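Reading through the structure tokens given below for one structure.
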Amino acid sequence: MGKLTVRALRAVLVVVLVGTVFVQASMVWALVSGNDPEDGSLPLTALRVITILGMASVQVTVVCVGRLVAMVRRGTVFSHAAFRYVDGVIGAIVTAALMWFAVTILNAPGQRDDPGVTVIMGGIGVAILGVALIVLVLRMLLAQAVARDVEAAQMQAELDDVI
């Protein structure tokens, strides 16, 4: 992975991390201050809590991806230590999908005249779960690569003994 790519990815990760912290702080302020009363159209308190949790799942993903990028730069990504971070990404994506389904459920009563919006939102939740499945497949590929790397190291050790 090139230096420019790593720097660009790190910059994006920092911007996303700062943005999510800002959104979380705004939601916590709105909850604590009481300056933004609910108008009754949507349960805003529940949506704010879901937003805070959703931003936390994004933050977990950002940290895990950052750690994986660091492992790539060091050449240690094909190790068992990488699984912890990939599992963190999968868990965070599933959590984000669950948060999205909660938002869909909270929004559904207001969409009785137009249930298509709820169906579309449900479809987006399924797509988010699809991303988690894609990362799971990539985890399986990582497992195969790690196994091959271990096998190659064993064969190299045997060859070194023979020589």
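What you are looking at is a predicted structure, and each value in this text was computed from that prediction instead of being measured.
Residues Gln156 and Asp160 are in side-chain contact: their nearest non-hydrogen atoms beyond the backbone lie under 4.5 Å apart. The shortest distance between side-chain heavy atoms of Leu129 and Phe101 falls below 4.5 Å. Considering only heavy atoms from C-beta on, Arg10 comes within 4.5 Å of Val6 through its side chain. Side-chain contact between Leu53 and Thr95: absent, with no pair of heavy atoms (C-beta onward) separated by less than 4.5 Å.
Both Leu31 and Leu106 sit in one connected hydrophobic cluster of ILVMFWY residues. Membership requires side-chain heavy atoms under 4.5 Å apart, directly or through other members. Transitive grouping of hydrophobic side chains (ILVMFWY, heavy atoms separated by less than 4.5 Å) brings Val12 and Val65 into a common cluster. Following chains of ILVMFWY side-chain contacts shorter than 4.5 Å, one can reach Val28 starting from Val58, so the two form part of one hydrophobic cluster. Hydrophobic cluster membership is shared by Ile52 and Ile93, with clusters built from Ile, Leu, Val, Met, Phe, Trp and Tyr side chains linked at under 4.5 angstrom. Hydrophobic clustering keeps Val23 apart from Val63 (ILVMFWY residues linked when any side-chain heavy atoms are closer than 4.5 Å, directly or through intermediates).
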Requested in this report: Apply side-chain contact (heavy atoms from CB on, under 4.5 Å) to the pair Arg84 and Cys64, showing each step before the final yes or no.
Outcome: CA-CA 8 Å; Arg84 172 178 34 178; Cys64 289; over 6 Å; no
Q.
Before you tell me yes or no, could you show the steps for Val86 and Leu138 under side-chain contact (heavy atoms from CB on, under 4.5 Å), namely the whole-Å CA-CA distance, both residues' side-chain angles and the distance that decides it to 0.1 Å?
A. CA-CA 9 Å; Val86 175; Leu138 294 174; over 6 Å; no
Please determine whether side-chain contact (heavy atoms from CB on, under 4.5 Å) holds for the pair Phe83 and Val146, giving the CA-CA distance in whole Å, both sets of side-chain angles, and the decisive distance to 0.1 Å.
CA-CA 10 Å; Phe83 291 110; Val146 168; 4.2 Å; yes
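To the nearest 0.5 Å, atom CG of residue Leu142 and atom CG of residue Leu136 are 11.5 Å apart. One finds the CG atom of Asp87 at 4.0 Å from the CZ atom of Arg139 (value rounded to the nearest 0.5 Å). In this structure, Arg67 CZ and Met71 CE are separated by 8.0 Å, a value rounded to the nearest 0.5 Å. Here the straight-line distance linking atom CD of Gln144 with atom CG of Asp149 works out to 13.5 Å at 0.5 Å rounding. To the nearest 0.5 Å, atoms CD1 (Ile105) and CG (Asn107) are separated by 11.0 Å. For the atom pair OG1 (Thr104) and CG (Leu98), the distance works out to 11.0 Å, reported to the nearest 0.5 Å.
Considering every non-hydrogen atom in both Gly2 and Arg73, the closest pair reads C-NH1, 4.3 Å. Considering every non-hydrogen atom in both Gln24 and Ala56, the closest pair reads NE2-N, 3.4 Å. When every heavy atom of Ala102 is checked against every heavy atom of Ile50, the shortest pair comes out as CB-CD1, 3.6 Å. Ala92 and Val60 make their closest contact through CB-CG1, 4.0 Å (heavy atoms, listed as atom of the first residue, atom of the second, distance). Residues Pro115 and Arg112 share a closest heavy-atom pair of CD-O, 3.8 Å. Val62 approaches Leu13 most closely through the heavy-atom pair CG1-O, 3.6 Å.
Annotation for Phe22: atom CZ does not count as buried by contact number, only 12 or fewer foreign heavy atoms lying within 6.0 Å. Around CZ of Phe78, the count of heavy atoms belonging to other residues, nucleotides or ligands within 6.0 Å does not exceed 12. In the displayed structure, Arg74 atom CZ is contacted under 6.0 Å by more than 12 heavy atoms of other residues, nucleotides or ligands.
A donor and an acceptor atom, one from each side chain of Thr118 and Gln111, are nowhere located under 3.5 Å apart.
Distance alone, capped at 3.5 Å, places no donor-acceptor pair between the Trp100 side chain and the Ile128 backbone. Of the possible donor and acceptor atoms, one in the side chain of Thr61 sits under 3.5 Å from a partner among the backbone N and O of Ser57.
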